[in-house]
Protein chains: 2
Amino acid sequence: MNLAQPIYARVKDHILAQIRSGALVAGSRVPSENELVSQFSISRMTANRALRELTADGFLSRVPGVGTFVREATPRTSLIELRNIADEIASRGHHYSSRIEDLREMMATPNLIDDFELRATTPLYHIAIVHEENGMPVQFEDRYVNPFCAPNFLKQDFSHQTPTAYLLSLLPAEELEHNVEAILPDANQQRRLKISSSEPCLSLHRRTWSGGHVVTSATLIYPASRYALYSRTSLGKQTS
Amino acid sequence: MNLAQPIYARVKDHILAQIRSGALVAGSRVPSENELVSQFSISRMTANRALRELTADGFLSRVPGVGTFVREATPRTSLIELRNIADEIASRGHHYSSRIEDLREMMATPNLIDDFELRATTPLYHIAIVHEENGMPVQFEDRYVNPFCAPNFLKQDFSHQTPTAYLLSLLPAEELEHNVEAILPDANQQRRLKISSSEPCLSLHRRTWSGGHVVTSATLIYPASRYALYSRTSLGKQTS
DNA sequence: CTCACTATACTGTATATACAACCTTATACA
DNA sequence: TGTATAAGGTTGTATATACAGTATAGTGAG
(Lines give C-alpha, C1' and ligand atoms only; values in the text may rest on other atoms or scores of the structure.)
Protein backbone atom coordinates (compact mmCIF):
# COMPACT_ATOMS: atom_id res chain seq x y z
CA MET A 1 0.00 0.00 0.00
CA ASN A 2 1.12 3.50 0.69
CA LEU A 3 4.37 3.30 2.55
CA ALA A 4 5.00 7.02 2.17
CA GLN A 5 2.22 8.05 4.51
CA PRO A 6 1.80 11.79 5.04
CA ILE A 7 3.44 13.18 8.13
CA TYR A 8 0.20 14.40 9.70
CA ALA A 9 -1.23 10.89 9.33
CA ARG A 10 1.79 9.41 11.09
CA VAL A 11 1.31 11.82 13.96
CA LYS A 12 -2.37 10.88 14.13
CA ASP A 13 -1.49 7.20 14.17
CA HIS A 14 1.08 7.75 16.87
CA ILE A 15 -1.47 9.38 19.16
CA LEU A 16 -4.21 6.89 18.30
CA ALA A 17 -1.84 4.02 19.06
CA GLN A 18 -1.18 5.47 22.48
CA ILE A 19 -4.90 5.77 23.12
CA ARG A 20 -5.53 2.21 21.99
CA SER A 21 -2.65 0.83 24.03
CA GLY A 22 -3.88 2.57 27.14
CA ALA A 23 -0.84 4.83 27.46
CA LEU A 24 -3.28 7.70 27.06
CA VAL A 25 -6.61 7.24 28.84
CA ALA A 26 -9.69 9.42 28.78
CA GLY A 27 -8.86 12.80 30.25
CA SER A 28 -5.14 12.48 29.67
CA ARG A 29 -3.42 15.48 28.23
CA VAL A 30 -1.87 14.88 24.84
CA PRO A 31 1.25 16.75 23.74
CA SER A 32 0.68 20.35 22.73
CA GLU A 33 1.26 21.45 19.17
CA ASN A 34 4.62 22.91 20.08
CA GLU A 35 5.66 19.73 21.86
CA LEU A 36 4.75 17.71 18.77
CA VAL A 37 6.83 20.16 16.72
CA SER A 38 9.85 19.28 18.83
CA GLN A 39 9.14 15.54 19.06
CA PHE A 40 8.61 14.99 15.34
CA SER A 41 10.58 17.92 13.89
CA ILE A 42 7.55 19.13 12.01
CA SER A 43 5.93 22.51 11.62
CA ARG A 44 3.17 23.60 13.96
CA MET A 45 0.64 23.65 11.11
CA THR A 46 1.21 19.94 10.59
CA ALA A 47 0.79 19.21 14.28
CA ASN A 48 -2.30 21.39 14.26
CA ARG A 49 -3.80 19.43 11.42
CA ALA A 50 -3.22 16.11 13.15
CA LEU A 51 -4.82 17.26 16.39
CA ARG A 52 -7.63 19.06 14.61
CA GLU A 53 -8.59 15.99 12.61
CA LEU A 54 -8.44 13.72 15.64
CA THR A 55 -10.77 16.18 17.33
CA ALA A 56 -13.15 16.11 14.38
CA ASP A 57 -13.05 12.31 14.54
CA GLY A 58 -14.19 12.46 18.14
CA PHE A 59 -11.04 11.19 19.83
CA LEU A 60 -9.76 14.42 21.31
CA SER A 61 -11.14 17.57 22.84
CA ARG A 62 -9.34 20.90 22.72
CA VAL A 63 -9.59 23.92 24.97
CA PRO A 64 -8.02 27.17 23.75
CA GLY A 65 -5.40 28.41 26.12
CA VAL A 66 -5.34 25.16 28.05
CA GLY A 67 -4.54 22.10 25.99
CA THR A 68 -5.72 18.99 24.20
CA PHE A 69 -7.19 16.01 26.00
CA VAL A 70 -8.38 12.48 25.27
CA ARG A 71 -12.16 12.32 25.15
CA GLU A 72 -14.37 9.85 26.93
CA ALA A 73 -14.69 6.74 24.83
CA THR A 74 -17.63 7.47 22.57
CA PRO A 75 -20.74 5.77 23.87
CA ARG A 76 -21.54 4.57 20.40
CA THR A 77 -21.70 0.90 19.85
CA SER A 78 -22.11 -0.58 16.51
CA LEU A 79 -25.61 -1.86 15.96
CA ILE A 80 -24.07 -5.00 14.68
CA GLU A 81 -21.08 -6.19 16.56
CA LEU A 82 -18.49 -8.11 14.70
CA ARG A 83 -19.79 -11.41 15.87
CA ASN A 84 -18.89 -14.72 14.52
CA ILE A 85 -21.95 -16.45 13.14
CA ALA A 86 -20.50 -19.85 13.91
CA ASP A 87 -20.15 -18.96 17.60
CA GLU A 88 -23.60 -17.48 17.58
CA ILE A 89 -25.15 -20.64 16.25
CA ALA A 90 -23.11 -22.79 18.62
CA SER A 91 -24.29 -20.66 21.54
CA ARG A 92 -27.84 -21.66 20.69
CA GLY A 93 -26.80 -25.28 20.92
CA HIS A 94 -27.26 -25.77 17.21
CA HIS A 95 -25.00 -27.25 14.61
CA TYR A 96 -23.05 -24.91 12.35
CA SER A 97 -22.00 -25.81 8.83
CA SER A 98 -21.06 -23.89 5.73
CA ARG A 99 -20.83 -24.31 1.99
CA ILE A 100 -18.16 -22.40 0.08
CA GLU A 101 -19.37 -21.37 -3.36
CA ASP A 102 -16.40 -19.34 -4.48
CA LEU A 103 -12.88 -18.63 -3.29
CA ARG A 104 -10.47 -16.95 -5.66
CA GLU A 105 -8.47 -13.92 -6.68
CA MET A 106 -10.03 -11.37 -9.00
CA MET A 107 -9.42 -7.84 -10.26
CA ALA A 108 -11.23 -4.97 -8.56
CA THR A 109 -14.16 -3.56 -10.48
CA PRO A 110 -14.82 0.20 -10.39
CA ASN A 111 -17.31 -0.29 -7.54
CA LEU A 112 -14.77 -2.28 -5.57
CA ILE A 113 -12.09 0.34 -6.23
CA ASP A 114 -14.42 2.80 -4.50
CA ASP A 115 -15.23 0.38 -1.70
CA PHE A 116 -11.58 -0.23 -0.94
CA GLU A 117 -10.56 3.39 -1.42
CA LEU A 118 -8.08 2.38 -4.08
CA ARG A 119 -6.71 4.51 -6.87
CA ALA A 120 -6.43 1.88 -9.54
CA THR A 121 -7.57 -1.67 -10.07
CA THR A 122 -5.69 -4.27 -8.06
CA PRO A 123 -6.22 -7.93 -7.29
CA LEU A 124 -8.71 -8.70 -4.52
CA TYR A 125 -9.69 -11.94 -2.87
CA HIS A 126 -13.30 -13.03 -3.03
CA ILE A 127 -15.25 -15.57 -1.05
CA ALA A 128 -18.90 -16.57 -1.34
CA ILE A 129 -20.12 -18.75 1.46
CA VAL A 130 -23.48 -19.98 2.77
CA HIS A 131 -23.75 -20.36 6.54
CA GLU A 132 -26.12 -23.03 7.79
CA GLU A 133 -27.77 -23.68 11.13
CA ASN A 134 -28.82 -27.31 11.57
CA GLY A 135 -28.51 -27.66 7.83
CA MET A 136 -30.77 -24.68 7.08
CA PRO A 137 -29.16 -21.71 5.29
CA VAL A 138 -29.33 -18.63 7.49
CA GLN A 139 -26.84 -16.27 5.92
CA PHE A 140 -25.17 -15.73 2.57
CA GLU A 141 -21.83 -14.00 2.79
CA ASP A 142 -20.30 -12.29 -0.24
CA ARG A 143 -16.95 -10.91 0.83
CA TYR A 144 -13.98 -9.16 -0.75
CA VAL A 145 -10.66 -8.97 1.03
CA ASN A 146 -7.67 -6.68 0.58
CA PRO A 147 -4.69 -8.96 -0.22
CA PHE A 148 -2.35 -6.39 1.28
CA CYS A 149 -3.97 -6.91 4.68
CA ALA A 150 -4.47 -10.67 4.50
CA PRO A 151 -2.08 -12.14 1.93
CA ASN A 152 -2.72 -15.74 2.96
CA PHE A 153 -6.50 -15.47 2.87
CA LEU A 154 -6.96 -17.88 -0.01
CA LYS A 155 -4.95 -20.60 1.74
CA GLN A 156 -7.22 -20.77 4.78
CA ASP A 157 -9.60 -23.61 5.51
CA PHE A 158 -12.90 -21.82 5.87
CA SER A 159 -14.83 -24.94 6.70
CA HIS A 160 -13.41 -24.75 10.21
CA GLN A 161 -13.00 -20.99 10.64
CA THR A 162 -15.25 -18.26 9.28
CA PRO A 163 -13.70 -15.44 7.24
CA THR A 164 -14.71 -12.98 9.96
CA ALA A 165 -12.92 -15.00 12.63
CA TYR A 166 -9.80 -15.31 10.49
CA LEU A 167 -9.63 -11.61 9.66
CA LEU A 168 -10.25 -10.58 13.27
CA SER A 169 -7.44 -12.84 14.38
CA LEU A 170 -5.11 -11.07 11.94
CA LEU A 171 -6.09 -7.45 12.40
CA PRO A 172 -8.07 -5.40 14.90
CA ALA A 173 -11.13 -3.72 13.46
CA GLU A 174 -10.61 -0.02 14.03
CA GLU A 175 -13.54 1.31 12.12
CA LEU A 176 -16.78 -0.17 10.86
CA GLU A 177 -19.30 1.00 8.34
CA HIS A 178 -22.69 -0.62 8.03
CA ASN A 179 -25.41 -0.17 5.49
CA VAL A 180 -28.64 -2.05 5.98
CA GLU A 181 -31.28 -2.44 3.31
CA ALA A 182 -34.37 -4.50 2.78
CA ILE A 183 -34.31 -6.43 -0.48
CA LEU A 184 -36.14 -9.14 -2.30
CA PRO A 185 -33.80 -11.98 -3.20
CA ASP A 186 -32.77 -12.58 -6.78
CA ALA A 187 -32.78 -16.05 -8.29
CA ASN A 188 -29.30 -16.94 -7.03
CA GLN A 189 -30.08 -15.85 -3.50
CA GLN A 190 -33.36 -17.78 -3.54
CA ARG A 191 -31.46 -20.90 -4.49
CA ARG A 192 -28.67 -20.40 -1.97
CA LEU A 193 -30.96 -19.59 0.96
CA LYS A 194 -33.77 -21.93 -0.11
CA ILE A 195 -36.40 -19.22 0.10
CA SER A 196 -39.17 -17.97 -2.15
CA SER A 197 -39.04 -14.83 -4.26
CA SER A 198 -41.54 -13.12 -1.97
CA GLU A 199 -39.54 -13.46 1.21
CA PRO A 200 -37.81 -10.17 2.02
CA CYS A 201 -34.22 -10.24 3.21
CA LEU A 202 -31.94 -7.96 5.14
CA SER A 203 -28.87 -6.94 3.19
CA LEU A 204 -26.09 -5.85 5.51
CA HIS A 205 -23.10 -4.29 3.83
CA ARG A 206 -20.11 -3.91 6.09
CA ARG A 207 -16.71 -2.36 5.51
CA THR A 208 -13.94 -2.79 8.03
CA TRP A 209 -10.89 -0.60 8.44
CA SER A 210 -7.59 -1.36 10.09
CA GLY A 211 -4.37 0.60 9.92
CA GLY A 212 -6.00 3.09 7.61
CA HIS A 213 -6.87 0.47 5.00
CA VAL A 214 -10.16 -1.07 4.05
CA VAL A 215 -9.49 -4.65 5.07
CA THR A 216 -12.67 -6.18 3.79
CA SER A 217 -16.01 -5.35 2.27
CA ALA A 218 -18.79 -7.84 2.78
CA THR A 219 -22.44 -8.17 1.93
CA LEU A 220 -24.42 -10.42 4.25
CA ILE A 221 -27.90 -11.54 3.26
CA TYR A 222 -30.31 -12.70 5.97
CA PRO A 223 -33.74 -14.14 5.20
CA ALA A 224 -36.24 -12.11 7.21
CA SER A 225 -37.96 -15.16 8.59
CA ARG A 226 -34.78 -16.52 10.09
CA TYR A 227 -32.93 -13.49 11.35
CA ALA A 228 -33.24 -9.97 12.67
CA LEU A 229 -30.58 -7.51 13.71
CA TYR A 230 -30.58 -6.48 17.31
CA SER A 231 -28.67 -4.12 19.52
CA ARG A 232 -28.98 -2.61 22.93
CA THR A 233 -26.80 0.34 23.77
CA SER A 234 -26.16 2.26 26.92
CA LEU A 235 -25.32 5.88 26.36
CA GLY A 236 -22.97 6.86 29.12
CA LYS A 237 -23.14 10.52 28.38
CA GLN A 238 -25.18 12.66 26.14
CA THR A 239 -23.19 14.17 23.32
CA SER A 240 -23.76 17.80 22.51
CA MET B 1 -25.02 32.96 15.77
CA ASN B 2 -21.38 33.63 15.43
CA LEU B 3 -21.08 36.82 13.45
CA ALA B 4 -17.30 36.70 13.44
CA GLN B 5 -17.25 33.42 11.56
CA PRO B 6 -13.89 32.22 10.24
CA ILE B 7 -13.29 32.68 6.55
CA TYR B 8 -13.03 28.97 5.78
CA ALA B 9 -16.41 28.44 7.46
CA ARG B 10 -17.97 31.13 5.31
CA VAL B 11 -16.62 29.45 2.21
CA LYS B 12 -18.02 26.12 3.41
CA ASP B 13 -21.40 27.70 4.06
CA HIS B 14 -21.37 29.33 0.66
CA ILE B 15 -20.84 26.02 -1.10
CA LEU B 16 -23.27 24.16 1.15
CA ALA B 17 -25.92 26.79 0.46
CA GLN B 18 -25.47 26.27 -3.26
CA ILE B 19 -25.84 22.53 -2.81
CA ARG B 20 -28.95 22.93 -0.68
CA SER B 21 -30.51 25.45 -3.05
CA GLY B 22 -29.94 23.17 -6.00
CA ALA B 23 -27.54 25.50 -7.74
CA LEU B 24 -25.02 22.70 -7.37
CA VAL B 25 -26.42 19.22 -7.88
CA ALA B 26 -24.77 15.84 -7.45
CA GLY B 27 -21.92 15.54 -9.93
CA SER B 28 -21.57 19.28 -10.41
CA ARG B 29 -18.12 20.65 -10.38
CA VAL B 30 -17.45 23.07 -7.58
CA PRO B 31 -14.94 25.90 -8.00
CA SER B 32 -11.32 24.84 -7.83
CA GLU B 33 -9.14 26.08 -5.03
CA ASN B 34 -7.61 28.72 -7.26
CA GLU B 35 -11.02 29.92 -8.39
CA LEU B 36 -12.09 30.29 -4.77
CA VAL B 37 -8.89 32.23 -4.15
CA SER B 38 -9.98 34.75 -6.78
CA GLN B 39 -13.66 34.81 -5.81
CA PHE B 40 -13.11 35.37 -2.11
CA SER B 41 -9.67 36.97 -2.13
CA ILE B 42 -8.33 34.33 0.20
CA SER B 43 -5.23 32.18 0.18
CA ARG B 44 -5.27 28.76 -1.39
CA MET B 45 -4.68 27.07 1.97
CA THR B 46 -7.94 28.54 3.24
CA ALA B 47 -9.82 27.36 0.17
CA ASN B 48 -8.16 23.99 0.55
CA ARG B 49 -9.31 23.70 4.14
CA ALA B 50 -12.91 24.50 3.22
CA LEU B 51 -13.00 21.91 0.44
CA ARG B 52 -11.09 19.35 2.46
CA GLU B 53 -13.51 19.58 5.39
CA LEU B 54 -16.55 19.42 3.14
CA THR B 55 -15.03 16.28 1.65
CA ALA B 56 -14.48 14.78 5.09
CA ASP B 57 -18.10 15.60 5.89
CA GLY B 58 -19.20 13.61 2.88
CA PHE B 59 -20.51 16.41 0.73
CA LEU B 60 -17.77 16.58 -1.87
CA SER B 61 -15.45 14.25 -3.68
CA ARG B 62 -12.07 15.32 -4.97
CA VAL B 63 -9.95 13.90 -7.77
CA PRO B 64 -6.33 15.07 -8.01
CA GLY B 65 -5.61 16.61 -11.37
CA VAL B 66 -9.29 16.88 -12.24
CA GLY B 67 -11.37 18.80 -9.76
CA THR B 68 -13.86 18.75 -6.92
CA PHE B 69 -17.41 17.52 -7.36
CA VAL B 70 -20.64 17.31 -5.42
CA ARG B 71 -21.23 13.84 -4.11
CA GLU B 72 -24.38 11.85 -4.55
CA ALA B 73 -26.58 12.63 -1.56
CA THR B 74 -27.39 9.22 -0.16
CA PRO B 75 -30.33 9.40 2.21
CA ARG B 76 -28.96 7.44 5.11
CA THR B 77 -30.13 7.17 8.64
CA SER B 78 -27.73 6.54 11.40
CA LEU B 79 -28.42 3.23 13.05
CA ILE B 80 -27.36 4.33 16.45
CA GLU B 81 -27.91 8.01 16.85
CA LEU B 82 -31.32 9.30 17.71
CA ARG B 83 -31.68 11.65 14.84
CA ASN B 84 -34.63 13.72 13.97
CA ILE B 85 -35.97 12.82 10.56
CA ALA B 86 -37.13 16.39 9.97
CA ASP B 87 -33.60 17.72 10.50
CA GLU B 88 -32.20 14.98 8.35
CA ILE B 89 -34.49 15.88 5.48
CA ALA B 90 -33.80 19.58 5.95
CA SER B 91 -30.06 18.90 5.87
CA ARG B 92 -30.53 17.50 2.40
CA GLY B 93 -32.18 20.76 1.42
CA HIS B 94 -35.52 19.05 0.99
CA HIS B 95 -38.91 19.94 2.34
CA TYR B 96 -40.23 18.07 5.34
CA SER B 97 -43.91 17.54 6.01
CA SER B 98 -45.93 15.07 8.00
CA ARG B 99 -49.42 13.66 8.25
CA ILE B 100 -50.75 12.64 11.64
CA GLU B 101 -53.04 9.64 11.40
CA ASP B 102 -53.67 9.06 15.06
CA LEU B 103 -52.97 10.80 18.37
CA ARG B 104 -54.78 9.59 21.48
CA GLU B 105 -54.65 7.80 24.79
CA MET B 106 -55.23 4.07 24.94
CA MET B 107 -54.84 1.15 27.31
CA ALA B 108 -51.74 -1.00 27.09
CA THR B 109 -52.19 -4.34 25.39
CA PRO B 110 -50.30 -7.39 26.71
CA ASN B 111 -47.56 -6.86 24.11
CA LEU B 112 -47.21 -3.24 25.17
CA ILE B 113 -47.12 -4.21 28.85
CA ASP B 114 -44.07 -6.28 27.95
CA ASP B 115 -42.56 -3.51 25.86
CA PHE B 116 -42.87 -0.96 28.64
CA GLU B 117 -41.87 -3.38 31.39
CA LEU B 118 -45.14 -2.77 33.20
CA ARG B 119 -46.93 -5.05 35.64
CA ALA B 120 -50.48 -4.27 34.72
CA THR B 121 -52.28 -2.45 32.00
CA THR B 122 -52.05 1.33 32.19
CA PRO B 123 -52.90 4.17 29.83
CA LEU B 124 -50.36 4.89 27.10
CA TYR B 125 -50.20 7.61 24.49
CA HIS B 126 -50.15 6.62 20.85
CA ILE B 127 -49.20 8.50 17.72
CA ALA B 128 -49.20 7.33 14.11
CA ILE B 129 -47.52 9.71 11.73
CA VAL B 130 -46.29 9.62 8.15
CA HIS B 131 -43.12 11.61 7.46
CA GLU B 132 -42.74 13.05 3.98
CA GLU B 133 -39.77 14.35 2.02
CA ASN B 134 -40.77 16.70 -0.76
CA GLY B 135 -44.30 15.31 -0.43
CA MET B 136 -43.17 11.68 -0.79
CA PRO B 137 -43.75 9.40 2.21
CA VAL B 138 -40.42 8.16 3.48
CA GLN B 139 -41.20 6.84 6.92
CA PHE B 140 -44.21 5.60 8.88
CA GLU B 141 -43.85 6.05 12.62
CA ASP B 142 -46.01 4.05 15.02
CA ARG B 143 -45.11 5.19 18.52
CA TYR B 144 -46.25 4.55 22.06
CA VAL B 145 -45.25 6.88 24.87
CA ASN B 146 -45.19 6.42 28.62
CA PRO B 147 -47.48 9.14 30.11
CA PHE B 148 -45.45 9.08 33.30
CA CYS B 149 -42.41 10.37 31.39
CA ALA B 150 -44.16 12.80 29.05
CA PRO B 151 -47.54 13.80 30.55
CA ASN B 152 -48.15 16.62 28.07
CA PHE B 153 -47.40 14.55 25.00
CA LEU B 154 -50.91 14.71 23.57
CA LYS B 155 -51.01 18.51 23.77
CA GLN B 156 -48.00 19.02 21.51
CA ASP B 157 -48.22 20.30 17.97
CA PHE B 158 -46.45 17.56 16.04
CA SER B 159 -46.77 19.31 12.72
CA HIS B 160 -43.92 21.58 13.81
CA GLN B 161 -41.90 19.23 16.01
CA THR B 162 -41.42 15.53 15.57
CA PRO B 163 -42.21 13.20 18.48
CA THR B 164 -38.52 12.27 18.63
CA ALA B 165 -37.48 15.90 18.95
CA TYR B 166 -40.07 16.57 21.63
CA LEU B 167 -39.12 13.56 23.72
CA LEU B 168 -35.41 14.27 23.41
CA SER B 169 -36.02 17.82 24.61
CA LEU B 170 -37.74 16.44 27.69
CA LEU B 171 -35.50 13.55 28.62
CA PRO B 172 -32.01 12.35 27.73
CA ALA B 173 -31.92 8.96 26.08
CA GLU B 174 -29.91 6.75 28.39
CA GLU B 175 -30.41 3.44 26.73
CA LEU B 176 -31.53 2.34 23.30
CA GLU B 177 -32.69 -0.94 21.91
CA HIS B 178 -32.97 -1.54 18.19
CA ASN B 179 -34.44 -4.40 16.28
CA VAL B 180 -34.24 -4.34 12.50
CA GLU B 181 -36.23 -6.61 10.24
CA ALA B 182 -37.07 -6.83 6.58
CA ILE B 183 -40.78 -7.04 5.93
CA LEU B 184 -43.29 -6.85 3.15
CA PRO B 185 -45.84 -4.12 3.79
CA ASP B 186 -49.41 -4.98 4.66
CA ALA B 187 -52.33 -3.20 3.04
CA ASN B 188 -52.31 -0.28 5.48
CA GLN B 189 -48.61 0.30 5.09
CA GLN B 190 -48.89 0.12 1.30
CA ARG B 191 -51.51 2.83 1.41
CA ARG B 192 -49.62 5.05 3.85
CA LEU B 193 -46.28 4.83 2.10
CA LYS B 194 -47.70 4.67 -1.42
CA ILE B 195 -45.81 1.52 -2.32
CA SER B 196 -46.64 -1.80 -3.87
CA SER B 197 -47.04 -5.08 -2.03
CA SER B 198 -43.79 -6.36 -3.50
CA GLU B 199 -41.59 -3.57 -2.23
CA PRO B 200 -39.66 -4.73 0.84
CA CYS B 201 -39.38 -2.39 3.80
CA LEU B 202 -37.09 -2.00 6.76
CA SER B 203 -38.88 -2.25 10.05
CA LEU B 204 -36.90 -0.59 12.84
CA HIS B 205 -38.23 -1.12 16.31
CA ARG B 206 -36.69 1.13 18.94
CA ARG B 207 -37.19 1.34 22.66
CA THR B 208 -35.72 4.22 24.63
CA TRP B 209 -34.99 4.28 28.35
CA SER B 210 -34.52 7.23 30.64
CA GLY B 211 -34.47 7.27 34.41
CA GLY B 212 -35.03 3.55 34.52
CA HIS B 213 -38.30 3.75 32.61
CA VAL B 214 -39.16 2.83 29.07
CA VAL B 215 -40.01 6.26 27.73
CA THR B 216 -41.19 5.23 24.31
CA SER B 217 -41.47 2.29 21.99
CA ALA B 218 -41.62 3.02 18.31
CA THR B 219 -41.80 1.08 15.08
CA LEU B 220 -40.42 2.92 12.07
CA ILE B 221 -41.15 1.59 8.58
CA TYR B 222 -38.88 2.63 5.73
CA PRO B 223 -39.54 1.69 2.11
CA ALA B 224 -36.40 0.00 0.81
CA SER B 225 -36.30 2.10 -2.31
CA ARG B 226 -36.22 5.34 -0.38
CA TYR B 227 -34.06 4.66 2.63
CA ALA B 228 -31.26 2.60 4.02
CA LEU B 229 -29.83 2.51 7.51
CA TYR B 230 -26.26 3.58 7.82
CA SER B 231 -23.69 3.76 10.53
CA ARG B 232 -20.00 4.32 10.75
CA THR B 233 -18.24 3.66 13.98
CA SER B 234 -14.73 4.29 15.15
CA LEU B 235 -13.63 1.78 17.70
CA GLY B 236 -11.24 3.56 20.01
CA LYS B 237 -10.41 0.29 21.64
CA GLN B 238 -10.82 -3.23 20.55
CA THR B 239 -13.99 -4.94 21.68
CA SER B 240 -13.95 -8.64 22.29
C1' DC C 1 -2.82 8.43 -38.18
C1' DT C 2 -0.42 7.15 -34.00
C1' DC C 3 2.52 7.61 -30.37
C1' DA C 4 5.35 10.18 -27.27
C1' DC C 5 6.09 14.30 -25.11
C1' DT C 6 4.85 18.72 -23.04
C1' DA C 7 2.25 22.22 -21.04
C1' DT C 8 -1.29 23.13 -17.95
C1' DA C 9 -4.55 22.73 -14.32
C1' DC C 10 -5.77 20.61 -10.14
C1' DT C 11 -5.30 18.41 -5.76
C1' DG C 12 -2.20 17.05 -1.71
C1' DT C 13 1.12 18.04 1.51
C1' DA C 14 4.58 20.67 4.27
C1' DT C 15 6.75 24.80 6.02
C1' DA C 16 7.57 29.41 8.00
C1' DT C 17 5.37 33.24 9.62
C1' DA C 18 2.01 36.15 11.73
C1' DC C 19 -1.56 37.65 14.63
C1' DA C 20 -5.61 36.97 17.66
C1' DA C 21 -7.91 35.00 21.56
C1' DC C 22 -7.78 32.52 25.70
C1' DC C 23 -6.13 30.73 30.18
C1' DT C 24 -2.94 30.27 34.00
C1' DT C 25 0.58 31.81 36.79
C1' DA C 26 3.73 34.95 38.51
C1' DT C 27 4.76 39.60 39.67
C1' DA C 28 4.28 44.32 41.04
C1' DC C 29 1.78 47.59 43.36
C1' DA C 30 -1.43 49.76 46.54
C1' DT D 1 -3.64 41.18 52.00
C1' DG D 2 -5.83 42.03 47.87
C1' DT D 3 -5.87 43.52 43.26
C1' DA D 4 -4.31 44.80 38.89
C1' DT D 5 -0.91 43.76 35.48
C1' DA D 6 2.38 41.32 32.84
C1' DA D 7 4.31 37.15 30.92
C1' DG D 8 4.15 32.87 28.82
C1' DG D 9 1.92 28.91 27.01
C1' DT D 10 -1.99 27.20 24.35
C1' DT D 11 -5.28 26.89 20.60
C1' DG D 12 -7.34 29.11 16.28
C1' DT D 13 -6.96 31.19 12.03
C1' DA D 14 -4.87 33.18 7.77
C1' DT D 15 -1.25 33.88 4.44
C1' DA D 16 2.61 33.14 1.14
C1' DT D 17 5.40 29.82 -0.66
C1' DA D 18 7.08 25.50 -2.33
C1' DC D 19 7.12 21.07 -4.27
C1' DA D 20 5.00 16.53 -5.51
C1' DG D 21 1.62 13.70 -7.83
C1' DT D 22 -2.16 13.12 -11.10
C1' DA D 23 -5.12 13.78 -15.09
C1' DT D 24 -6.09 16.00 -19.43
C1' DA D 25 -5.46 18.51 -23.62
C1' DG D 26 -2.62 19.78 -27.06
C1' DT D 27 1.59 19.47 -29.92
C1' DG D 28 4.93 17.59 -32.75
C1' DA D 29 7.62 13.72 -34.71
C1' DG D 30 7.55 9.57 -37.04
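Side chains are part of it too, since the values below use all heavy atoms of this structure and drop only hydrogens, waters and symmetry mates. A, B, ... follow the sequence lines: proteins, then strands. Residue 1 opens every chain.
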Letter by letter from the 5' end, nucleotides 14-23 of chain D scores (B base, S sugar-phosphate only, - none; protein heavy atoms under 4.0 Å) BBBBB--BBS
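Rounded to whole Å, atom P of D:dT11 lies 13 Å from atom CZ of A:R52. Whole-Å rounding puts the B:E35 CD to C:dA9 P distance at 11 Å. Rounded to whole Å, atom C1' of C:dC23 lies 15 Å from atom CZ of A:R62. We find that CD of A:E53 is positioned 14 Å from P of D:dT13, with the value rounded to whole Å. For B:L36 and C:dG12, the CG to P distance is 13 Å, given to the nearest whole Å. Here the P atom of nucleotide D:dG12 and the CG atom of A:L51 are 9 Å apart, to the nearest Å. The separation between B:L54 atom CG and C:dG12 atom P is 13 Å, rounded to whole Å. One can place CG of B:N34 at 13 Å from P of C:dG12, the figure rounded to the nearest angstrom.
By the neighbour-count criterion of 12 heavy atoms within 6.0 Å, atom CE of A:M106 is densely surrounded, having more than that number from other residues, nucleotides or ligands.
Using a cut-off of 4.0 Å between Lys/Arg side-chain N and Asp/Glu carboxylate O, B:E141 and B:R206 are scored as not salt-bridged. We find that B:K194 and B:E132 are not joined by a salt bridge, their nearest charged nitrogen and carboxylate oxygen being 4.0 Å or further apart.
Between A:W209 and A:E177 the shortest side-chain heavy-atom distance falls below 4.5 Å.
When the salt bridge (charged side-chain N to carboxylate O under 4.0 Å, His left out) test is applied to A:R191, the partners found at least two apart in sequence or on another chain are A:E101.
At the phosphate of D:dT11, OP1 or OP2 sits under 4.0 Å from a side-chain N or O atom of A:T68.
The two atoms that bring A:A108 and A:T121 nearest to each other are O-OG1, 2.7 Å, heavy atoms only.
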